[in-house]
Engineer: 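Just passing along the structure, written as structure tokens.
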Amino acid sequence: MIRTVESEQHVSAPVLAAYSYCEAVTGQQARNFAYGIRLLPTPKRRAMSALYAFSRRVDDIGDGALAGDVKAARLEDTRALLTRVRAGEVAEDDIDPVAVALAHAAEAFPIPLGGLDELIDGVLMDVRGETYETWDDLKVYCRCVAGAIGRLSLGVFGTEPGARGAERAPEYADTLGLALQLTNILRDVREDAEGGRTYLPSDDLAKFGCSAGFHGPTPPEGSDFVGLVHFEVRRARALFAEGYRLLPMLDRRSGACVAAMAGIYRRLLDRIERDPEAVLRGRVSLPGREKAYVAVRGLSGLDTRHVTRRTVRRRA
């Protein structure tokens with residue numbers, strides 16, 4: 001069983017300021033993520049914002065316009081900062097608010113900080129321009145940049161005392177991260193192509209006649225782009241179904257947070273499935289009112305109860 005700290009001890013002014021900075025970054029840069037974590041109690045919400053702010057820093061280095069060797073050096077500098085956090089060497093009055101907040105969160109919750117090393121490894125794969133021949137190859141990348149975030153988040157959420165099968169919670173959190181990342185890859189397929197990146201496995205692209213890539217508002221001539229998207233959607237749905245088994249293991253508000261974040265991406269997947277070529281014409285997104293509905297649905301526990309009933313039927 002994974003436990004977390006529910007009650008909040010006194011938090012100093014410098015640490016509160018550091019958390020405020022991280023929450024501002026989260027609110028401005030991660031609208032989908034922010035919809036979920038606002039459902040958490042204050043200590044968990046702050047810890048999640050610290051994780052996001054550090055992760056955002058890593059992603060921004062990878063996505064920036066610097067030369068590859070400069071990006072790699074900056075990512076290693078960020079890894080060195082993480083080493084300082086892990087060693088307890090970041091003081092409350094440190095000039096880096098993200099480091100201060102992350103250090104405090106790591107003391108308050110059993111966060112497996114090695115997951116942030118995995119994130120750095122994944123972004124380094126981007127910097128090197130790696131491509132992926134098979135789904136098994138792509139899973140390695142997805143586990144670094146998304147599965148690891150699921151496991152880090154579980155360190156903040158914890159599992160309910162006595163939750164059945166809780167030893168598998170990190171596995172389910174990892175799988176849910178893969179589902180979200182594959183949805184991201186489908187949504188951003190043209191944007192990534194314009195940036196010189198291809199994430200979908202080359203085996204899949206060849207199978208559906210899409211090896212030429214995605215550089216315009218229409219699919220490659222003679223390809224079965226719709227078939228490709230539907231194939232990847234089915235894969236993502238299977239990952240969601242497996243990852244959702246995490247929900248009954250969480251307390252109500254942590255489960256609501258996960259259900260809200262995952263629910264937004266599942267609805268994105270629904271939109272992509274209905275109109276696959278929309279991802280070539282522009283960025284597919286949900287309106288704010290729909291995100292709010294998903295958040296309310298998560299808080300109501302509907303998704304958790306659905307997973308619980310399905311699990312009971314399976315056991316019967």
Engineer: Once rounded to the nearest 0.5 Å, what's the spacing between atom CD1 of Ile111 and atom CZ of Arg86?
Structural biologist: 12.0 Å
Engineer: Is it the case that one hydrophobic cluster holds both Phe231 and Leu182, taking links as side-chain heavy atoms less than 4.5 Å apart, direct or via other members?
Structural biologist: yes
Engineer: May I ask you to decide if the ring planes of Tyr19 and His104 are parallel, tilted or perpendicular, using 30° and 60° as cut-offs?
Structural biologist: perpendicular
Engineer: Minimum heavy-atom separation for Pro201 and Leu138, please, with both atom names.
Structural biologist: CD-CD2, 3.9 Å
Engineer: Looking at Leu81, Thr78, Leu82, Val58, which one forms a side chain to side chain contact (heavy atoms under 4.5 Å, CB included) with Leu116?
Structural biologist: Leu82
Engineer: Given Thr183, which of Leu178, Leu269, Val284 fulfils the side chain to side chain contact (heavy atoms under 4.5 Å, CB included) condition?
Structural biologist: Leu269
Engineer: Are any of the side-chain heavy atoms of Arg45 and Glu23 separated by less than 4.5 Å?
Structural biologist: yes
Engineer: For Arg235, which residues count as a salt bridge (Lys or Arg N to Asp or Glu O under 4.0 Å) partner, sequence neighbours excluded?
Structural biologist: Asp204, Glu232
Engineer: Can you name the closest pair of heavy atoms from Asp188 and Arg283 and give their distance?
Structural biologist: OD1-NH1, 3.2 Å
Engineer: Same cluster for Leu16 and Tyr21 if Ile/Leu/Val/Met/Phe/Trp/Tyr side chains link at under 4.5 Å?
Structural biologist: yes
Engineer: So which of Thr131, Asp126, Asp192 actually passes side chain to side chain donor-acceptor pair (under 3.5 Å) with Tyr199?
Structural biologist: Asp126
Engineer: Any chance the side chains of Glu242 and Thr175 put a donor and an acceptor closer than 3.5 Å?
Structural biologist: no
Engineer: As a quick check of understanding, evaluate side chain to side chain contact (heavy atoms under 4.5 Å, CB included) for Glu76 and Leu124, giving each step before the final call.
Structural biologist: CA-CA 9 Å; Glu76 292 306 331; Leu124 281 168; 3.5 Å; yes
Engineer: Salt bridge check: are Asp121 and Arg143 linked by an N-O gap of less than 4.0 Å?
Structural biologist: no
Engineer: If you measure from CD1 on Ile120 to CZ on Arg79, what distance do you get to the nearest 0.5 Å?
Structural biologist: 5.0 Å
Engineer: Using distance only, find each side-chain donor-acceptor pair of residues 215-230 under 3.5 Å and give its atom names and separation, not counting sequence neighbours.
Structural biologist:
| from | atom 1 | to | atom 2 | distance (Å) |
| --- | --- | --- | --- | --- |
| Ser223 | OG | Pro220 | O | 2.7 |
| Asp224 | OD1 | Gly227 | N | 2.9 |
| His230 | NE2 | Glu273 | O | 3.1 |

Engineer: I'd like to know if Arg74 and Asp60 make a salt bridge, using a cut-off of under 4.0 Å between side-chain N and carboxylate O.
Structural biologist: no
Engineer: Pair Arg190, Glu194 - check side chain to side chain contact (heavy atoms under 4.5 Å, CB included), show working.
Structural biologist: CA-CA 6 Å; Arg190 182 179 173 187; Glu194 289 173 348; 3.0 Å; yes
Engineer: Within the structure provided, determine whether Val156 and Leu152 are in side-chain contact (heavy-atom separation under 4.5 Å).
Structural biologist: no
Engineer: With a 4.5 Å limit on heavy-atom distance, are the side chains of Ser153 and Met48 in contact?
Structural biologist: yes
Engineer: Of the non-hydrogen atoms in Ala50 and Val98, which two are nearest, and what is the gap between them?
Structural biologist: O-CG1, 4.5 Å
Engineer: Kindly compute the distance separating CZ (Arg245) from CZ (Arg164), expressed to the nearest 0.5 Å.
Structural biologist: 10.5 Å
Engineer: Take Phe157 and Leu40 through the side chain to side chain contact (heavy atoms under 4.5 Å, CB included) test and state the conclusion after the steps.
Structural biologist: CA-CA 9 Å; Phe157 298 145; Leu40 295 170; 3.9 Å; yes
Engineer: Taking the side chain as everything from C-beta on, heavy atoms only, tell me whether Ile185 gets closer than 4.5 Å to Cys142.
Structural biologist: yes
Engineer: For Asp270, is there an ion pair with Arg266 - N to carboxylate O distance below 4.0 angstrom?
Structural biologist: no
Engineer: Can you confirm whether Val90 sits close enough to Leu102 that some side-chain heavy atom of one is under 4.5 Å from a side-chain heavy atom of the other?
Structural biologist: no
Engineer: Rounded to the nearest 0.5 Å, how far apart are CD of Glu130 and CG of Asp137?
Structural biologist: 9.5 Å
Engineer: With a cut-off of 3.5 Å and sequence neighbours excluded, list every side-chain donor-acceptor pair involving residues 256-265.
Structural biologist:
none

Engineer: Side chain of Arg253, backbone of Leu39: donor and acceptor closer than 3.5 Å?
Structural biologist: yes
Engineer: Do Leu154 and Thr159 come within less than 4.5 Å of each other through their side chains, counting heavy atoms only?
Structural biologist: yes
Engineer: Taking all heavy atoms of Leu119 and all of Val145, pick out the closest pair and write down the distance.
Structural biologist: CD1-CA, 3.8 Å
Engineer: Is there a side chain to side chain contact (heavy atoms under 4.5 Å, CB included) between Arg237 and Val233? Walk through the geometry before answering.
Structural biologist: CA-CA 6 Å; Arg237 289 199 188 285; Val233 165; 3.7 Å; yes
Engineer: How long is the span from the CG atom in Leu200 to the CG atom in Leu186, to the nearest 0.5 Å?
Structural biologist: 6.0 Å
Engineer: Is there a side-chain contact between Leu246 and Glu171, using heavy atoms and a 4.5 Å cut-off?
Structural biologist: no
Engineer: For Asp251 and Ser254, indicate whether the former's side chain and the latter's backbone hold a donor-acceptor pair under 3.5 Å.
Structural biologist: yes
Engineer: Could you report the tightest heavy-atom contact between Val100 and Ala91, atom names first, then the distance?
Structural biologist: CG2-O, 3.6 Å
Engineer: Indicate whether any N or O donor in one side chain lies under 3.5 Å from an N or O acceptor in the other, for Asp59 and Tyr52.
Structural biologist: no
Engineer: If you draw a 6.0 Å radius around CZ in Arg289, do more than 12 non-hydrogen atoms from other residues or ligands fall strictly inside?
Structural biologist: no
Engineer: For Ala173, is there any backbone N or O sitting under 3.5 Å from a side-chain donor or acceptor partner on Arg151?
Structural biologist: no
Engineer: Of all heavy-atom pairs between Cys22 and Ala101, which one has the smallest distance, and what is that distance?
Structural biologist: SG-CB, 3.6 Å
Engineer: Look up atom OG in Ser202 and atom CD in Glu133, then write down how far apart they are to the nearest 0.5 Å.
Structural biologist: 5.0 Å
Engineer: Given salt bridge (Lys or Arg N to Asp or Glu O under 4.0 Å), test Arg84 with Asp96 step by step and report yes or no.
Structural biologist: CA-CA 12 Å; Arg84 287 181 55 219; Asp96 186 336; over 6 Å; no
